[in-house]
Amino acid sequence: MEAASTERPLHRKDNAVWQRRGKIKVAIVSQPWDTLRPPVTSGSIPIWTYQVAKVLARSCQVVIYARRSEQQLVSEVVEEIEYRRVSVRGTKVCNGMAKAGAKLYRQFRYLSSRLYYLPYSLLIAADLRRQSCDVVHIHNFSQFVPAIRALNPAIKIVLHMHCEWLSQFDRKTIAPRLEQCDLIVGCSDYITGKIKARFPEFAHKCQRIYNGVDTDQFASQLDSTEQTNPSKLTVLFVGRISPEKGLHTLIAAFEKVSVDFPDAKLYLVGPDKPTSAEFIAELSDDPIVRRLAELDPPHYPHNLRSQLPPGLKSRVVFPGPVSHLELNRYFQAADVLVNPSLSEAFGMSLVEAMACGIPTVATAVGGMVDIVVPGETGLLVPPDQAAALAEAIAQLLSDKALRVRMGEAGRQRAVERFDWRAI
């Protein structure tokens, strides 16, 4: 791994790595809470940034902007990608002002305020001007657009949405920002469709780009003809332990499944990182999602464990956070991957399971309907319905031939549609 580093300020102009002619220079702006350290192995958006940048670097000059944490260099080049790290000093004051303003004007959300992470966006906007980038690709934060456009009038701006914020925030606040964008990307047809419906005047700017998967890393290593003990089956969930993931519904469904499969186990793999109600529940117009605020989000992981039915305490396993590089071994041991989310822009674990040849069960929510082909690669069920979820899980657990057939179809779909080279 080749690396060049410096402690000089971000405005330096003598980086010989980029003294090449005829190549488009692309900048990718990470969310201000993401710190990227290559190779990136955690976080769906950081992984997307890292994997796409590696492919782009074959034909473009690529710069990634990310939050700087202690001990990180201001700038370094790894795998022909330049990482330029930005201080977030002053953020607490600006974010506090944004929250105070939102309390005064209830139609506004502090998450969409220009003050929210303003120092981060201003530093990047100024450095983009010095870097002479041709394209800037921004993840989720529409409020970064005006500052970047003001200091970079000729740059092409791509706003890439991995959530529903554009369709949830005040229209008068968002529309001028979209006017300044050259391309608006959604991570699924669901997200892109919501944007088009809310802003039909910008529909011509909207495109969908899926999240991707390393189909070499996530690949089936088991012989499909291998016989499995039907009484010792494994149901797998991969994701944050958070209310919107619907794990309370999954546990209720698994309790029903366990009657017919007394030795089956449920693994809930992921960190205890419940999403605050203000990020999802309070923004949604879906009554099921809005009720998530009643589940005490800060204590959700603890409550989930403490309220397990007695008969499931030894059969529901919480391995905790697992490196993205180590996830494959959990997929290899699984018979079914379940995503019971009540709000989901995409559904990364479904694609990873498909790449491993594992059949999937998911709720018919958000971007997950883009991924699962019902009856072909997996099954879709209504959200927040434990009985329907239990029935779908039991159907797959009881039919090995069906699991194999769906797993093979899922693998083919993952390679053709979701491999990073396709993305």
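- Aromatic pair Phe144/Tyr117: centroids not less than 6.0 angstrom apart.
- If you check the side chains of Gln143 and Ser113, you find no donor sitting under 3.5 Å from an acceptor.
- Classification of Arg421 and Asp216 as a salt-bridged pair holds, one side-chain N sitting under 4.0 Å from a carboxylate O.
- More than 12 heavy atoms of other residues, nucleotides or ligands sit less than 6.0 Å from atom NZ of Lys54.
- Heavy-atom neighbours of Glu391 CD from other residues, nucleotides or ligands within 6.0 Å: at or below the threshold of 12.
- Counted by atom type alone, Arg68 and Ser87 present zero donor-acceptor pairs between their side chains at under 3.5 Å.
- If you look at Phe331 and Phe218, their ring centroids are closer than 6.0 Å.
- Geometrically, Arg171 does not engage Phe169 in a cation-pi contact defined by less than 6.0 Å to the ring centre and at most 45° from the axis.
- For the pair Gln207 and Thr192, the tightest heavy-atom approach, listed with the atom from each and the gap, is O-OG1, 3.4 Å.
- Leu236 and Leu337 get closest at one heavy-atom pair: O-CD2, 3.2 Å.
- Ring geometry for His162 against His139 counts as tilted: the plane angle lies between 30° and 60°, on a 0 to 90° scale.
- Heavy-atom contacts from other residues, nucleotides or ligands closer than 6.0 Å to NZ of Lys205 number more than 12.
- In this structure, Arg85 fails the cation-pi test against Tyr65, since its NZ or CZ atom is not both closer than 6.0 Å to the six-membered ring centre and inside 45 degrees of the ring normal.
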